[in-house]
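The figures here come from the full heavy-atom set of this structure, side chains too, leaving out hydrogens, waters and symmetry mates.
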Amino acid sequence: MFFTDARVPAENLVGELDGGWRVAHGSLGHERAMLWLDYANLLDQLTTDYTPNGVLERDRYATLVMDARAMRLLGSAATARAARGEEDVPAQSVLKLLGSEALQRAAEDALNAKGADGLVHPAITAPFAPLNLDDYYGSWFDRYARSFAGTIAGGTSEIQRNIIAERILGLPRN
C-alpha cells in the first residue's frame, strides 16, 4: 500500500521519515520470532491427541513428531540468536512456513484418519483449556479448518517462500 503526499505530525512519526516499510517489517519479524512457539505447542498437542492406526497413519504420525521436534530445535536456535541481538529474518520465515504448513498437514492427516468421527465435536469430554484455547480441543475438522489462518497470518506461505528463495537461496526476485 502506498500513500502519496500523506502528512503526519512529527510527534506521531514512527521511525525514520520514509522508513515505514522498515518499521512494519520489523514488527512482523518480532511476531514471527515467537510464532514458532505456538506452532511447536500445537504440534506437540497433536502428537498427544492423535493415535495412528495402520502403516500409512504411523508414517504420517512420524512426520508430525519430526516436524514438532524440528520446530523446537530451529525455534530455540532462532531465539538464542535474537537474544544475542542477531536479526535473522530468513530463519524466521523458515520457522513460520514450517510451523503453519506442518500444523495444517498434520490436522488434515488426523481428520482423514478419523473419517466421519473427525467431524464430531468432543465438547463434553474435552479437557479444560486455560487461556481460552478451546478451539484446539475441538473436532479434528475444527482443528483443520482453523489451521488455514496460520498460513496467512504473519505473512502468507507464498510470501515466506519468496523471502526464503531470495534471502537464503539467493534466487532472483521476480
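- A side-chain N or O of D49 and one of Q45 form a donor-acceptor pair less than 3.5 Å apart.
- Here the side chains of L43 and M71 are in contact, with some heavy-atom distance below 4.5 Å.
- Residues R72 and N41 are in side-chain contact: their nearest non-hydrogen atoms beyond the backbone lie under 4.5 Å apart.
- Counting only distance, with no hydrogens or angles, the side chain of Q160 and the backbone of G155 share a donor-acceptor pair below 3.5 Å.
- Atom CG of residue L97 and atom CD1 of residue I163 lie 10.0 Å apart, to the nearest 0.5 angstrom.
- Annotation: the span from S93 atom OG to N162 atom CG amounts to 10.0 Å, rounded to 0.5 Å.
- A heavy-atom distance below 4.5 Å is not found between the side chains of S139 and Y144.
- The closest donor-acceptor contact from the side chain of T151 to the backbone of S147 lies at 3.5 Å or more, if one exists at all.
- Atom CE of M66 and atom CG of L73 lie 13.0 Å apart (nearest 0.5 Å).
- In this structure, CD on E108 lies 8.5 Å from CZ on R60, to the nearest 0.5 angstrom.
- Between S76 atom OG and L95 atom CG the span is 9.5 Å, to the nearest 0.5 Å.
- Residues A107 and L46 approach most closely at N-CD1, 4.2 Å, considering heavy atoms.
- With contacts defined as side-chain heavy-atom distances shorter than 4.5 Å, the pair T47/Y61 qualifies.
- Rounded to the nearest 0.5 Å, atoms CG (D67) and CG (L74) are 10.5 Å apart.
- Checked by atom type and distance alone, the side chain of Y50 never pairs as donor or acceptor with a backbone atom of L111 at under 3.5 Å.
- A 4.5 Å side-chain heavy-atom check between L98 and W36 finds every atom pair outside the cut-off.
- Note on K96 versus E101: no salt bridge recorded, every NZ/NE/NH1/NH2 to OD/OE distance being 4.0 Å or above.
- The shortest non-hydrogen separation linking R81 to D88 is NE-OD2, 3.1 Å.
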